[in-house]
Structure formats: structure tokens, C-alpha cells
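Below, chain A is the first sequence line, B the second, and so on; all start at residue 1.
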Amino acid sequence: MSSDSEDMPLAKRKEQQQRANNPSTDDDNLDSGSDSDTPLGKRKRPAVRKRVLDDEDDDDEADTLSSSDSGAPAVKRTRPSVATRKSYKDDSSDSDGEGDYRGSSDSDVPLAKKKSADSKAKTNGSAKTNGTNGTSRTKAAPKYKEESSSDSDAPLAKKAASKTKIKTEPVSSSKSKQGTTTIKKRGKEEVDDKSKVKKVKKEEADDKSKVKKAKKEEDEDEDADAWWLNQKENEDDSVKWTSLKHNGVYFPPEYVPHGVKMKYDGKPITLAPAVEEVAGFFGALLFTEHAENPTFQENFFKDFSKIAKAHKTSPEITSFKKCDFTPMYEYFQVEKEKRKNMTKEQKEAAKQEKLALDEMYGTCYLDGRKEKVGNYRIEPPSLFRGRGKHPKTGCLKLRVQPEQVTLNLSKDAPIPKAPAGHKWGAIVHDDTKTWLATWKENVNDSTKYVFLAAGSSLKGQSDLKKFETARALKKEIDWIRRGYMADLKDKKMFIRQRATAMYLIDRLALRAGNEKGEDEADTVGCCSLRYEHVTLEKPNIMHLDFLGKDSIRYQKSVEVDEQVFKNIRLFKREPAQEGDDLFDRLKTSELNKHLQNLMKGLTAKVFRTYNASFTFQDQLEKKTPKDGTVAEKLLAYNRANRDVAILCNHQRAVSKGHAGQIGKIEDKVRAYKYQRMKQKKMILSLEPKLKKKRPELLEPESDLEDDWIEEHETQLMEKERERIKAKFEKDNLKRKENKEKPMPASELKDLLKEVDVRAKELAKERKTGVVPPTRGATVEKCNAQILKLDERIAATRLTLTDKEENKQTALGTSKINYIDPRISAAWCEKHKVPLDKIFTKTLRDKFKWAMTVDENWEF
DNA sequence: GACTCAACTTAGCAGGAAGGAA
DNA sequence: TTCCTTCCTGCTAAGTTGAGTC
């Protein structure tokens with residue numbers, strides 16, 4: 001076993017990608033002291049062994065840790081009084097009392113810069129670090145901006161990305177600015193002002209009509225009850241509804257045997273329907289990464305052979321290796337193809353069927369309002385597809401029976417009919433719950449629910465509440481940060497660990513990290529980080545390498561506060577070893593309890609929401625070109641979105657065809673440039689006098705080498721020949737149908753001859769550099785063509801940049817879950833960008849509560 | 001206080017629908 | 001009109017959190 005991510009195709013793929021992109025990400029630079037660079041894959045998960053610490057402090061430390069702090073209660077730090085807050089403020093060694101933490105603006109100061117400011121302040125006690133009062137975010141702490149004015153508000157992970165060897169996108173806006181400038185510069189080269197104005201106007205007109213259309217579309221759907229207009233603060237929200245009516249859940253249809261035989265030991269065998277069904281589950285996954293995974297195979301076969309035994313297959317199925325599911329796989333492929341080729345009528349019938357189900361089960365009545373239900377379909381039986389190294393991946397997920405399902409609805413609501421021959425497990429009337437139905441799944445014994453859809457009022461209210469809590473944190477963040485920074489040096493180990501964890505959760509947007517069971521994939525978050533997940537490099541670089549949620553690798557190197565560095569070194573000290581918890585005194589529950597004391601509603605995950613929304617708003621502001629086109633603004637939007645996705649480590653696999661797609665787009669740009677070059681030369685043929693007046697017509701196009709032009713023209717001619725041949729054949733077929741005389745082959749020959757002539761002309765044009773005007777060509781027409789091509793080139797280039805930058809980062813997750821949609825709505829309003837450019841219909845529906853803000857709204 | 005579990009949010013991926021280019 | 005690509009949605013796994021129980 002060479003790595004943790006072995007047998008974990010996605011993670012492995014991502015790891016390979018990361019390594020390929022950044023070969024130096026190995027631990028080659030790490031301090032080799034006590035922070036051994038244990039390879040991830042070597043890790044076994046031992047029973048959590050609580051390290052016995054002497055509670056002696058780090059060698060470098062002057063203070064000592066209390067020996068009786070294990071599990072010590074948190075020092076209760078409710079929001080401090082003004083005096084206490086002042087004391088946090090005064091912690092700084094700045095003689096003016098303003099240095100380290102300064103009003104609301106301070107929260108925006110990146111740690112490394114704070115650190116550098118700290119050290120400066122330490123060496124020069126009277127040094128003022130800021131001349132402003134911190135009322136304005138952008139004006140705050142100008143001194144910190146000396147190093148880089150671009151990323152001052154960025155959480156640590158972002159800065160680290162640009163600073164160290166990690167494989168994340170550099171996010172400093174200095175780079176982004178550069179990108180924007182380059183685009184703008186190119187734009188200037190290619191699009192003159194006139195065309196720009198024209199383009200913008202056209203875009204605006206298009207957008208207006210689109211907005212109108214979208215608005216109409218939404219108005220039709222719009223729930224008459226705009227609940228967000230009637231929100232009351234501090235209202236008890238434990239009761240979720242007063243009346244709830246629905247039609248229950250939809251069960252997947254009973255299994256219909258197809259009779260396709262799998263092979264066992266090379267021979268086709270007949271299976272009972274129940275056995276065939278399970279064999280089919282595996283057959284359908286053949287040649288996927290799941291089916292190649294030994295754990296998946298083992299778990300599947302355990303369940304499959306059990307069922308086969310129960311149905312007495314002949315011969316008895318005892319060996320996975322002898323099983324051949326290919327015939328089933330092929331059958332499913334044919335079926336898939338059939339579905340793809342359904343007639344219009346069949347497709348329509350299927351659509352109607354789906355609509356009927358949506359109407360029946362996909363809607364419910366909550367307090368008299370019609371609302372959409374989310375996942376009304378009971379999960380069909382299948383093989384459990386656990387992610388990463390899930391020990392249960394491949395296990396058989398059994399068919400859910402109505403007897404297992406509990407429905408939740410109001411007392412006066414009619415109870416939906418259970419499927420024929422069945423009855424419901426239970427009926428409850430719990431108005432404090434938002435679920436409509438629930439059942440237990442057999443593989444992990446986890447509870448599944450049917451909830452309302454994302455666009456429902458209940459989900460919307462919950463979303464609004466979430467973002468309001470994050471906004472509340474924005475107001476409190478300064479003193480909370482001061483608090484945990486002070487606690488970093490606390491004498492009690494527990495408090496030190498808690499403060500260090502808070503630092504990481506806040507600055508790196510780590511998840512809380514609950515403990516996990518033996519029968520789950522081994523993934524970690526902040527509190528469950530282990531010895532081997534963190535390595536240190538002097539003076540203050542921390543390398544993190546672990547598998548997070550969904551077994552997505554988190555691999556970043558960050559510059560941390562000196563004290564955090566010292567603390568981590570202390571937590572990692574002997575007798576700590578591989579497998580030991582880094583935060584051995586800390587649990588998520590204790591951490592959250594402490595956070596609740598600091599601010600009502602504050603939990604570890606609020607930091608993620610806060611930092612994501614804050615970063616997004618900040619980067620959006622910095623990156624949006626005020627006079628840019630909609631396309632340029634959207635690029636800025638996506639870049640800000642990407643910064644957040646990088647911060648939260650939202651990854652996706654690079655699609656198989658990515659390189660090919662990029663190549664195609666590049667070719668497209670070149671082809672446009674080629675056309676533009678021809679148009680320019682044609683103008684000069686039409687009016688040679690323009691050589692002096694318009695010297696740009698003589699400038700060669702970039703990226704158009706002679707070889708490429710020759711090859712391109714050969715391809716063009718070849719395509720033309722094919723087109724002519726195809727048309728000739730098609731025309732003759734038509735003639736045959738109409739009982740007309742077909743065109744003679746000589747006609748085709750003549751047409752092809754014309755292409756040959758054209759090819760010769762092109763060769764001549766290449767040689768002489770002169771392009772004779774085509775029939776009807778005028779300078780005006782050529783100019784218009786050039787303008788059109790300029791626009792196409794600019795637009796295609798933007799697509800290219802966006803695509804390349806986005807290949808490995810998933811933007812959707814942060815957009816859906818972490819970024820306050822009101823930031824986007826206000827930005828669209830302010831910059832006249834149509835909402836439908838950034839939110840799909842589903843997202844506009846989910847966020848309709850957020851769409852009423854004006855352009856000045858701030859997170 | 002430790003542990004368990006219910007309830008909800010967050011997450012990536014597969015496949016189908018939609019849209020654009022030829 | 002067809003084919004190809006992109007985008008969107010649905011699905012369900014995997015987290016977090018807080019309440020309940022012993």
C-alpha cells in the first residue's frame with residue numbers, strides 16, 4: 001500500500017493531478033527534526049491514545065502549562081465588556097495601544113502581515129502600524145499592505161497558496177489584476193472603442209430581454225407568500241409549521257427480470273429474479289472505478305453470494321473471480337442506447353409521466369401554501385457507493401419497504417395510501433421537524449429523510465438564518481480573534497489547543513472534524529487531525545496533508561503565526577507519534593460549547609460561511625472592472641468565486657477531455673485570427689493607399705506561423721471537398737426520390753476542380769502575401785467583418801481563460817452553500833449584470849429571498 | 001461527561017437537458 | 001437538422017450540530 005488514496009480512485013486521481021502540476025509538493029523542504037515526514041499511506045488508525053503530556057512547555061516558551069488542565073472548563077468568555085475588549089486590544093505591545101488589533105478593520109489583516117507587524121512592533125515598541133481609525137475596510141491597516149496590497153483580507157490559506165509550494169491557485173489580486181489588465185490590453189488591441197460600445201449596447205439589449213424573460217418565468221412560478229418580508233427577529237423557530245399535507249413518497253417500481261444470463265466459470269447461468277437484480281447492480285458498474293475496487297468487490301460478493309445461496313443457484317456461486325457480468329453490462333448499454341434513441345412521442349410520454357409524479361409527490365401544502373418537495377423518491381436498491389476508502393463500499397442497499405417508512409404530517413391531513421398490500425411504518429405529527437418522511441437504511445444504519453426542496457420557505461428561512469449568523473460574526477470577529485490569539489499562550493493545554501484549533505478553523509476554513517468510527521472512511525477535520533497530517537518547517541510554515549470530507553485531499557502549506565507554530569510543535573512532541581491526535585484534549589462539542597459562549601449561534605462552521613462570504617465580497621469588489629463588458633465582469637465574478645472555492649478546498653476531477661477541449665478552443669481563436677488576417681489583406685488590395693493611414697493592417701497576427709496557415713488551409717480545402725461530396729450525394733438522392741435524372745459525376749468533378757483552383761490561389765496568397773478581393777467585397781464590409789472577428793476572438797479568449805482556471809476547482813458548492821446570495825444580487829444590480837448569468841433557475845428559486853436587496857447591500 | 005442518534009447542511013458526481021455550431 | 005459540448009439537476013454520501021440518555 002503506497003498511499004492512503006490508493007483504492008480511492010478520485011482522491012488518487014486528484015493527488016496525481018496535484019503532483020503532476022506541482023512536483024515539489026512532496027515533503028522535500030520540511031524540517032527533518034522531530035516532525036517526521038510520515039507518508040500518509042503508512043497510517044493505521046489506532047484506538048485514540050490520549051497522549052500523556054507533562055504539560056511542560058515548549059523549550060522556547062517562558063510560561064508553563066498547568067498540569068491539571070485536561071478537560072478543564074473553558075474560561076467563560078461571553079462577549080466581553082468594553083473594558084475587557086479593551087484589555088484584548090491592549091494585549092498588543094504597541095505603546096499606542098492600537099497596534100495589533102484595531103477596531104473593525106483589524107479582522108481584515110492577514111495573519112502573516114499581522115505577524116510581521118507584530119514583530120516590527122516588538123522591535124519598535126512605539127511604531128504605529130496604522131494611521132487610520134479602521135472604519136473603512138479598504139483603508140484599514142495600510143502598513144500591512146506594503147508586502148502586497150492585494151490580499152490583505154485574504155484568509156491564510158489563500159495567501160499561502162501564492163507564497164509556498166502548494167498546489168492551489170494563487171489568489172492574490174495582484175495576479176488577477178494582471179490577468180484583467182492583460183485581457184483589457186488585448187481587448188484594446190483587438191476591439192476599438194466603437195465596437196466596444198456597440199457590443200456593450202447589444203449585450204445590454206440582449207440582457208434586458210433575457211432578464212424580462214427570466215422575470216416573467218419567475219413571476220409565474222413565484223410563491224405568492226414572500227415569507228422573507230414578514231421575518232420577525234428572535235421569533236421562536238422551533239415550530240416549523242401549523243399544517244402539513246402531502247401524498248407520501250414514491251417507491252421505485254418492483255424489479256422486472258430481463259433474463260440476461262451472467263456467466264459463471266465461463267458458462268451462462270440462470271438466476272432467480274432477486275439474484276439477477278443484485279448481479280445487475282454490479283454489471284451496471286462494470287469497468288467503473290467502483291467495480292475495480294477490491295473492497296467494493298469483496299463487500300458486493302459477500303452480499304451477492306448470500307442471496308445466491310438463499311435462492312440455490314446452480315452451480316453454487318462461491319468465487320467472485322469466476323463471475324462474469326459482461327453480458328449484463330452489454331445489455332444495459334443497449335438499453336441505454338435505446339433510451340437515447342427514443343422517439344419524440346416516447347420522450348414526451350416519459351416527460352408526462354415524470355410531471356405526473358412531480359405533481360403527485362413533488363408538491364405538498366405547508367401552512368396552506370403549495371411547496372415543492374425535494375427527494376420524494378425512496379432510494380432504490382443498489383450497491384452502496386461509499387467514497388474514498390469506505391470499508392462498506394459495495395454492500396447491498398436493500399429495497400425499502402413502506403413498513404420501514406414513517407410519515408410526518410398534520411393531524412388533520414389525510415394519511416396517504418400505502419402501496420397495495422403494505423402499510424406505513426408509522427405516522428407522526430411532529431411540527432418541530434421539517435421532514436415529510438423518514439426511514440433507516442441498512443448499510444450504515446443511517447436515517448434518511450424526505451425534505452422540502454431547496455427553494456421552499458423552510459429551507460429559505462434556514463439559509464437566511466445561516467447567513468445572518470455569519471454576518472453577526474463579522475461584527476464580533478475582531479475581539480473573538482483577539483481572544484483566541486491571547487489564548488494561544490494560555491497555561492492550560494486544553495485552552496491552548498482550543499485556541500490553536502480556532503485559529504486553524506478561522507484562518508484556513510477547516511471543518512470542525514468530529515471523531516469517526518471504524519466502519520467509516522478515515523477522513524479528518526481540524527479537531528481530528530493527527531500527528532502525521534501536519535509537518536512543520538522553520539521558521540513558521542505548516543504543511544497540511546490529509547483527507548477531508550468525501551476523501552478529498554487537503555494539501556496546503558501555510559505560513560502561520562509564530563505562536564501557532566510553537567503550539568503545533570508542542571502538540572506534536574514526544575511521546576506523540578503517528579496515529580495520535582494532534583488536539584488530544586479537544587473535542588468538537590467542547591469547541592462549539594465555547595463558541596456558543598462567545599456569540600449566540602456561533603459554531604465552527606459559521607467561520608467557514610463568514611470567511612467565504614467575506615472573501616467573496618472583498619475579492620468581487622477588487623476584481624470587477626468598472627467599465628468592463630458583461631463578459632469581463634463575469635470573469636471577475638467567477639474568479640472571486642474561485643478564490644472562495646480554493647479557500648474551502650472544493651475540488652473536482654479534471655474532466656477527461658479537458659486538454660482536448662482547450663486545444664480546440666485555441667484552434668478556434670487561431671482560425672478567427674486567420675480570417676481577420678485575410679480581411680485585412682483584402683482591404684489593402686481594395687485600397688492600397690490605406691497602408692500608410694492604417695498601419696495596423698500590415699501587422700502580422702500573433703500565433704499564426706506559416707506552417708500552421710498551410711496546414712489550416714489544407715484542412716479547409718479538405719473539409720470543403722467533403723462538404724461538396726456530401727451535398728452532391730444528398731442532392732442526387734433527392735432527385736432519385738423525385739424521379740429526376742441524377743447529376744452526372746462530371747459535375748462533381750468540376751466542383752472539386754474549383755476547390756483545387758481555390759487551393760492554388762491560397763498557396764499563391766501565402767507566397768505573395770496579397771489577397772485579392774472576393775466578389776462584392778468593399779472596405780466597409782471588410783471592416784465590419786474585422787469587428788465581428790475581434791469580438792469573437794475576445795469572447796473565445798475569455799472562455800479559454802475561465803475554463804483553464806476552473807478545471808480543478810468546483811465553484812458550485814461555495815456558490816450554493818457558503819456565499820451569501822445577497823452579495824451576488826447586489827453586485828448584479830450595481831454592475832448591470834443579469835442575474836441569470838450567475839444563478840441558474842433553480843438557484844434563483846432557492847435564493848429568491850435574497851433577490852430584493854439594493855445595489856448597496858453589504859455582507 | 002461520554003456516548004448515541006436525529007436532523008439538518010454540505011458535497012461531488014452521473015446523466016440528461018439544453019444550447020450552440022456546423 | 002444533427003451532432004457535440006456544456007450546463008444543470010437530481011441523487012445520495014458525508015459532514016456538523018445539538019439534544020437526549022445513561
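Side-chain atoms of A:K605 and base atoms of C:dT16 include no donor and acceptor less than 3.5 Å apart.
Checking B:dG16, C:dG15, C:dT12 against the side-chain heavy atoms of A:E379 singles out C:dT12 as nearest. In the set B:dT9, B:dC3, B:dC8, B:dC3 carries the atom at the smallest distance from any side-chain atom of A:K587. Of the candidates C:dT9, C:dA14, C:dT17, C:dT9 carries the atom nearest the A:T842 side chain, counting heavy atoms from C-beta on. Among the nucleotides C:dT12, C:dG15, B:dT10, the one closest to the side chain of A:K516 is C:dG15. In the set B:dA11, B:dC8, C:dT12, C:dT12 carries the atom at the smallest distance from any side-chain atom of A:K397. Between C:dT9, C:dT16, C:dA13, one nucleotide has an atom nearer to the side chain of A:F384 than all others, and that is C:dA13. Comparing atom distances between the A:P380 side chain and each of C:dT12, C:dT17, C:dT9 picks out C:dT12 as nearest. Each of B:dT10, B:dG15, C:dA14 was ranked by its minimum atom distance to the side chain of A:D550; first place goes to C:dA14. Relative to the side chain of A:H390, the nucleotides B:dC8, B:dT10, C:dA14 differ in distance, and C:dA14 lies closest. The listed nucleotides are C:dC11, B:dA6, C:dT17; the one nearest the side chain of A:N592 is C:dT17.
Atom pair A:Q808:CD and B:dC13:P shows a separation of 11 Å (rounding to whole Å applied). B:dA11 atom P lies 22 Å from atom CZ of A:R385, rounded to whole Å. One can place CG of A:N817 at 12 Å from C1' of B:dG12, the figure rounded to the nearest angstrom. At whole-Å resolution of the value, CZ in A:R511 and P in C:dT16 are 7 Å apart. Here the P atom of nucleotide C:dG15 and the CG atom of A:L510 are 14 Å apart, to the nearest Å. Atom CG in A:D430 sits roughly 14 Å away from atom P in C:dA19 (whole-Å rounding). A:K336 places its NZ atom 9 Å from the C1' atom of B:dA14, with the value rounded to the nearest Å. Separating the NZ atom of A:K440 from the P atom of B:dA7 is a distance of 10 Å, rounded to the nearest angstrom.
Contact check on A:K465 versus A:E468 returns no salt bridge, with no Lys/Arg side-chain nitrogen under 4.0 Å from an Asp/Glu carboxylate oxygen. A salt bridge is absent between A:E590 and A:K587: the closest approach of a Lys/Arg side-chain nitrogen to an acidic carboxylate oxygen does not fall below 4.0 angstrom. Using a 4.0 Å cut-off between charged side-chain N and carboxylate O, A:R530 and A:D581 make no salt bridge. Between A:K397 and A:E441 there is no salt bridge, since none of the side-chain N atoms of the basic residue sits less than 4.0 Å from a carboxylate O of the acidic one.
You'll find the ring centres of A:F616 and A:Y637 inside the 6.0 Å limit.
Between the NE2 atom of A:H246 and the CG atom of A:L452 there is a distance of 9.0 Å, given to the nearest 0.5 Å. The structure places CG of A:L473 at 7.5 Å from CG of A:D506, a figure rounded to the nearest 0.5 Å.
Heavy-atom distances under 4.0 Å link DNA chain B to A:T447, A:Y449, A:F451 of residues 445-454 of chain A, given in residue order.
Under the 30°/60° scheme for interplanar angles, the aromatic rings of A:Y376 and A:Y361 are found to lie parallel.
Taken over five-pair windows at either terminus, the axes of the helix from B:dG1-C:dC22 to B:dA22-C:dT1 are inclined to one another by 10° (rounded to 10 degrees).
In this structure, A:K459 reaches the B:dT9 phosphate: one of its side-chain N or O atoms is under 4.0 Å from OP1 or OP2.
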Report task. Evaluate the criterion salt bridge (charged side-chain N to carboxylate O under 4.0 Å, His left out) for residue pair A:D430 and A:K240; output intermediate values, then yes/no. Result -> CA-CA 9 Å; A:D430 190 345; A:K240 312 287 185 194; over 6 Å; no

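A:K392 places a side-chain N or O within donor-acceptor distance of the main-chain N or O of A:V443, the cut-off being under 3.5 Å.
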